[in-house]
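This report concerns only the one structure given below.
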Amino acid sequence: MAGGLEAISDIGAYSQATFVYSGLVVESLVKRGGGAVVDCAKCSGKAIADCTKASANAVVEAGEYSLATLEYAGLVSASIVKRSGAAVGACARMAAAPVGKVVSPVARGVAKPFALLADKTGKVFKLKKKASEDALKNLETKVQGLESLADTVFKLEERIAAMEKYGVRAAVTTAPVREKKDLSENRRAFLRAIVEENKLLRAAA
Amino acid sequence: MAETTLNLGIDLGTSRSVIACDNGVRTFVSSYVGYPKDAVSKKLLGKDVVFGEEAIRNRLALELLRPFEKGMIKYSNFADKEPQEFERHMSVARDLLRHLIGLAKREDPDNVKIRAVIGAPALASTQNKKSLLQITSGIIDDVMITSEPFAVAYGLNLLSHALIVDIGAGTVDLCRMQGAIPTEDDQITLTRAGDYIDEVFLSLIKARHKDVDLTTNMVKRLKEENSTISDKGENVVVNLPIAGKPTPIDITEELRTACKSIVPDIVEGIRTLVASFDPEFQDTLKHNVILAGGGSQIGGLAKEIEHYMQEHLGYGKVSRVEEPLYAGANGGLLLCKDMPDEYWDELKKDTP
């Protein structure tokens with residue numbers, strides 16, 4: 001019984017919705033367990049011990065059930081984020097690939113954080129099957145991390161949309177090399193004539 | 001950061017103004033500029049000035065102006081007699097040019113240097129060309145004016161033994177290319193062009209259907225959507241309002257007759273230029289007549305001109321450029337890009 005109560009008090013650390021549901025389940029089990037104890041009080045001592053043990057086990061199971069519920073909720077969230085992260089990474093790799101052919105150093109630099117993000121996303125939220133007390137305590141921290149990751153993914157998707165719309169332009173970091181215009185003498189003569197015409201035009205009253 | 005240069009080729013046409021840039025932008029806008037009539041229309045439109053198709057759509061709420069006529073700024077030949085009208089249309093032309101450059105610049109930074117070559121009608125006067133230079137002041141950093149059909153020839157690399165016929169809305173410009181810069185003798189400008197076709201078309205429809213309600217804009221749109229000279233196509237039947245009721249009317253014959261109306265003048269211009277050419281090279285010239293400009297998009301026009309030439313002149317081979325609307329602007333852009341920097345600097349030094 002004491003062990004079961006300890007489990008219930010641990011449940012108090014979990015998310016509110018799961019806690020309420022878990023609480024209801026636990027309450028139901030405890031009632032049934034407690035009822036069983038009362039009924040067993042009328043029975044022999046061995047029967048009482050058996051009933052107490054059964055009720056305590058029921059409460060402990062309730063606690064484990066609640067833990068499992070939370071673990072499942074966490075796994076679902078992690079799955080969603082992982083799949084989103086992988087999709088973003090894949091899209092970014094696809095968007096960056098044709099660009100990479102033209103300005104590959106830039107494309108590699110652009111794609112790298114996306115690729116890393118896609119790889120790491122899956123690993124960040126791997127939860128062990130057996131949720132230990134530490135894993136449960138960390139769950140809250142990880143939920144916060146998920147929210148900030150969702151923000152980052154949203155911003156990255158906006159950037160990708162802009163890149164797809166406007167294309168990728170490498171920043172001009174060096175002076176542009178002036179192409180020497182290789183013109184035939186005939187063409188130069190035409191251009192010279194146009195310049196002279198325009199000079200006369202400007203000089204005309 | 002090194003200054004970047006944006007090269008432009010510009011064709012300021014009576015009906016459409018076209019621009020081609022070396023940043024890949026290529027576009028046109030109808031040469032209409034509208035100013036809201038009052039505070040209500042200004043609030044409705046949300047702008048101080050409206051351009052192109054938007055101006056045409058909202059023309060009832062706007063003072064609609066067309067700054068170019070017969071390929072030049074309106075009233076530029078009457079600047080002394082109508083100075084106010086001339087200044088007004090200069091200002092409108094500047095607004096249109098600024099809008100066109102804005103469309104071309106898009107994402108380019110504001111400190112980019114703009115260079116442009118602008119096409120003018122073949123026989124535009126000095127005053128006409130100076131007016132064009134004036135409207136570019138403060139908008140374009142370096143500018144040159146050149147003959148429009150010559151720009152077409154340069155863009156197509158047809159610098160000798162070719163006869164360019166640039167059919168616009170205001171003018172038809174013919175230019176004979178003989179391997180040197182064309183002089184006045186090598187060029188002819190005709191004033192019966194696309195707008196003349198619209199006038200003929202409207203008068204023919206009204207002659208046959210007296211009660212029809214038609215405007216020049218409606219007729220222009222009908223022409224652009226259905227224009228053809230060929231008699232092999234389907235009949236053109238459109239719904240036109242007669243006393244407020246849309247009525248199906250067959251306008252095929254009127255349309256064909258109107259489109260054919262510019263052919264005799266064009267062939268006469270070709271005859272003049274070929275006849276005054278070196279006789280040893282006349283054959284080459286008459287078999288290399290190239291049509292360009294928006295008007296050359298009339299279905300069957302090249303064949304009709306060829307047929308008319310063969311009937312009246314005994315010879316003729318006519319073809320049309322691939323992109324008639326952009327041929328002039330493309331040629332201007334190529335001229336701009338090919339012009340060496342030292343030539344631009346030389347021009348700047350000589351500019352007062």
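Order of the sequence lines fixes the chain letters, A, B, ..., with proteins taken first and strands second; residue numbering starts at 1 for each chain.
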Worksheet item: Where does B:E342 contact chain A at under 4.5 Å (heavy atoms): side chain, backbone, both or neither?
Response: side chain
Worksheet item: Where does B:L133 contact chain A at under 4.5 Å (heavy atoms): side chain, backbone, both or neither?
Response: side chain
Worksheet, complete the sentence: Residues passing the ring-ring contact (aromatic ring centres under 6.0 Å, His included) test with B:Y154, sequence neighbours excluded, are none
Smallest separation among heavy atoms of [X] and [Y], with atom names:
| X | Y | value |
| --- | --- | --- |
| B:P340 | A:L191 | CD-CD1, 4.1 Å |
| B:L347 | A:V195 | CD1-O, 4.0 Å |
| B:T126 | A:A204 | CG2-CB, 3.8 Å |
| B:V143 | A:R202 | O-NH2, 2.6 Å |

Between [atom1] of [X] and [atom2] of [Y], what distance do you get to the nearest 0.5 Å?
| X | Y | atom1 | atom2 | value |
| --- | --- | --- | --- | --- |
| A:F190 | B:M339 | CZ | CE | 12.0 Å |
| A:I194 | B:Y343 | CD1 | OH | 10.5 Å |
| B:I145 | A:E197 | CD1 | CD | 10.5 Å |

Worksheet item: Quick one: are A:R187 and B:N157 in side-chain contact, heavy atoms under 4.5 Å?
Response: yes
Fill in: Close side-chain approach of A:E196 and B:E346, heavy atoms under 4.5 Å
yes
Worksheet item: Is the side chain of B:K130 donor-acceptor paired with the backbone N or O of A:L201 at a distance under 3.5 Å, no angle test?
Response: yes
Fill in: Any donor-acceptor pair under 3.5 Å from B:K129 side chain to A:N198 backbone
no
Worksheet item: Got a sec: does the CD of B:E184 have more than 12 other heavy atoms crowding it under 6.0 Å?
Response: no
